[in-house]
Peer 1: 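One structure is given below, represented as structure tokens, and several questions about it will come after.
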Amino acid sequence: MESSVEANGRIARISAHLFPPNSQVEDGSALSRGDCRAKGGAPGFKVAIVGAAGGIGQPLAMLMKMNPLVSVLHLYDVVNAPGVTADISHMDTGAVVRGFLGQPQLESALTGIDLVIIPAGVPRKPGMTRDDLFKINAGIVRTICEGIAKACPKAIVNLISNPVNSTVPIAAEVFKKAGTYDPKRLLGVTMLDVVRANTFVAEVLGLDPREVDVPVVGGHAGVTILPLLSQVKPPCSFTKEETEYLTNRIQNGGTEVVEAKAGAGSATLSMAYAAVKFADACLRGLRGDAGVVECAFVASEVTELPFFATKVRLGRGGAEEIYQLGPLNEYERVGLEKAKTELAASIQKGVSFIKK
Ligand SMILES: NC(=O)C1=CN([C@@H]2O[C@H](COP(=O)(O)OP(=O)(O)OC[C@H]3O[C@@H](n4cnc5c(N)ncnc54)[C@H](O)[C@@H]3O)[C@@H](O)[C@H]2O)C=CC1
Ligand SMILES: O=C([O-])CC(=O)C(=O)O
């Protein structure tokens with residue numbers, strides 16, 4: 001049996017981890033156990049979720065706590081971070097969880113982080129476009145990116161906050177201003193479009209969605225979401241009606257959820273799933289795995305626009321290779337022109353928000 005001295009020593013050691021400088025203390029006992037165990041635990045990556053107490057943030061935090069590639073998980077929000085942190089930290093998985101609340105703790109939340117996932121900001125209500133969120137979310141993304149530039153300028157950034165077509169250019173401008181911009185490390189998350197496309201296409205083909213791979217390019221709003229149905233794997237063909245049905249459903253998947261939730265927000269659970277799928281790919285890339293390829297909205301020379309979503313190869317430096325669009329059919333070529341017109345305006349709006 002342990003002596004009380006040994007037990008006290010261990011408790012003292014636990015307490016030292018209970019109150020790390022500038023971090024939340026409400027979840028102390030849970031933090032301490034995680035820290036102790038992590039000392040002998042497997043190495044992994046340090047991940048921060050910014051907006052961790054939100055509709056996406058909470059299930060995303062839960063799923064990242066289950067990811068074996070994560071050794072440390074920082075949960076930051078301007079509200080409710082202590083509660084979410086205490087809750088998540090009781091999960092008996094390897095990652096150590098620490099919570100951070102409010103602007104004064106943003107830099108501590110980001111220090112030493114390898115991958116920052118940002119689902120912070122307001123979601124849509126029925127009748128709104130993603131662009132209607134610009135007014136509030138542009139400023140939120142600017143503040144968070146200023147924190148990243150100071151505290152973890154080399155981190156990979158997965159930006160979820162809408163409108164992604166504008167928030168990614170905002171982030172790029174903030175990083176340029178700070179002198180820390182590395183285009184390969186800034187990735188707008190369009191994975192939910194791919195997840196939806198795989199699901200809806202599998203339904204039409206009568207396949208398991210896990211067997212289906214649909215590239216979705218362009219951006220992340222309405223007509224800028226361009227599924228390349230001519231490039232679906234396994235190879236298949238669609239009638240004109242099927243192509244129109246699938247393209248519309250994929251482009252309006254977000255609105256379908258917004259309307260079904262009837263004022264209670266937008267996609268959160270499927271988004272958390274998609275975000276984790278994408279973050280896991282980024283972490284495998286960081287680890288040096290070969291052949292990690294996913295779609296993302298990145299700085300690009302694939303079209304004349306400065307940002308565009310295509311398949312990218314993820315590696316130690318982020319999006320290390322950006323793939324060309326490949327052969328498009330006539331329907332997709334028309335869709336591409338529409339997508340580019342809207343995207344150009346959204347990108348410009350984001351750039352001017354910082355450059356004004
Ligand atoms: N890229 C994509 O495919 C998708 C993007 N989204 C977007 O993700 C964002 C979040 O959506 P939900 O989680 O449903 O919203 P939510 O309102 O449930 O959660 C947002 C969280 O962000 C926090 N927050 C606000 N200002 C912050 C700041 N300055 N720093 C840190 N945290 C801050 C809030 O306190 C809240 O906890 C929205 O902009 C939404 O449109 C949603 C679904 C898919
Ligand atoms: O539709 C929204 O507002 C949220 C979103 O981006 C999506 O679900 O794709």
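If you read the sequence from its start, that first residue is 1, and numbering goes on from there. Counting convention: from 1, in listed order, for ligands and their atoms alike.
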Peer 1: Is a donor from one side chain sitting under 3.5 angstrom from an acceptor on the other, for E342 and S346?
Peer 2: no
Peer 1: Can you see whether T167 engages N137 through a side-chain donor-acceptor pair at a distance of less than 3.5 angstrom?
Peer 2: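 Note: T167 and N137 side chains miss the donor-acceptor criterion.
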Peer 1: Sorted by first residue and then second, give each salt bridge (Lys or Arg N to Asp or Glu O under 4.0 Å) pair with at least one member in residues 212-234; sequence neighbours left out.
Peer 2: D213-K311
Peer 1: For ligand 1, output the ligand-protein N/O contacts shorter than 3.5 angstrom; if there are none, return none.
Peer 2:
unit_1   : atom_1 : unit_2 : atom_2 : d
ligand 1 : 1 (N)  : I160   : O      : 3.1
ligand 1 : 1 (N)  : V189   : O      : 3.2
ligand 1 : 3 (O)  : H220   : NE2    : 3.0
ligand 1 : 6 (N)  : N162   : ND2    : 3.3
ligand 1 : 13 (O) : G55    : N      : 3.3
ligand 1 : 13 (O) : I56    : N      : 2.9
ligand 1 : 18 (O) : G55    : N      : 2.8
ligand 1 : 22 (O) : G121   : N      : 3.2
ligand 1 : 35 (O) : D77    : OD1    : 2.6
ligand 1 : 37 (O) : G54    : N      : 3.2
ligand 1 : 37 (O) : D77    : OD1    : 3.4
ligand 1 : 37 (O) : D77    : OD2    : 2.8
ligand 1 : 39 (O) : V122   : O      : 2.9
ligand 1 : 39 (O) : N137   : ND2    : 3.1
ligand 1 : 39 (O) : N162   : N      : 3.2
ligand 1 : 41 (O) : N162   : ND2    : 2.9

Peer 1: Flag the pair Y76 / V116 as yes when at least one side-chain heavy-atom distance between them is below 4.5 Å, and no otherwise.
Peer 2: no
Peer 1: Answer yes or no: is there a side-chain heavy-atom contact under 4.5 Å between V302 and Y323?
Peer 2: no
Peer 1: Check whether the side chains of Q103 and T143 place a donor and an acceptor atom closer than 3.5 Å, and report yes or no.
Peer 2: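 Checked: Q103/T143 side chains show no N/O donor-acceptor pair below 3.5 Å.
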Peer 1: Side chains of S166 and K349: do they bring a donor and an acceptor to under 3.5 Å?
Peer 2: no
Peer 1: Please enumerate all residues that pass ring-ring contact (aromatic ring centres under 6.0 Å, His included) together with H220, with sequence neighbours excluded.
Peer 2: none
Peer 1: Give the residues near ligand 2 by chain and number, with the criterion being a heavy-atom distance under 4.0 Å.
Peer 2: R124, R130, N162, L192, R196, H220, G254, S266, A267
Peer 1: In terms of relative ring orientation, are Y181 and F175 parallel, tilted or perpendicular, with 30° and 60° separating the classes?
Peer 2: parallel
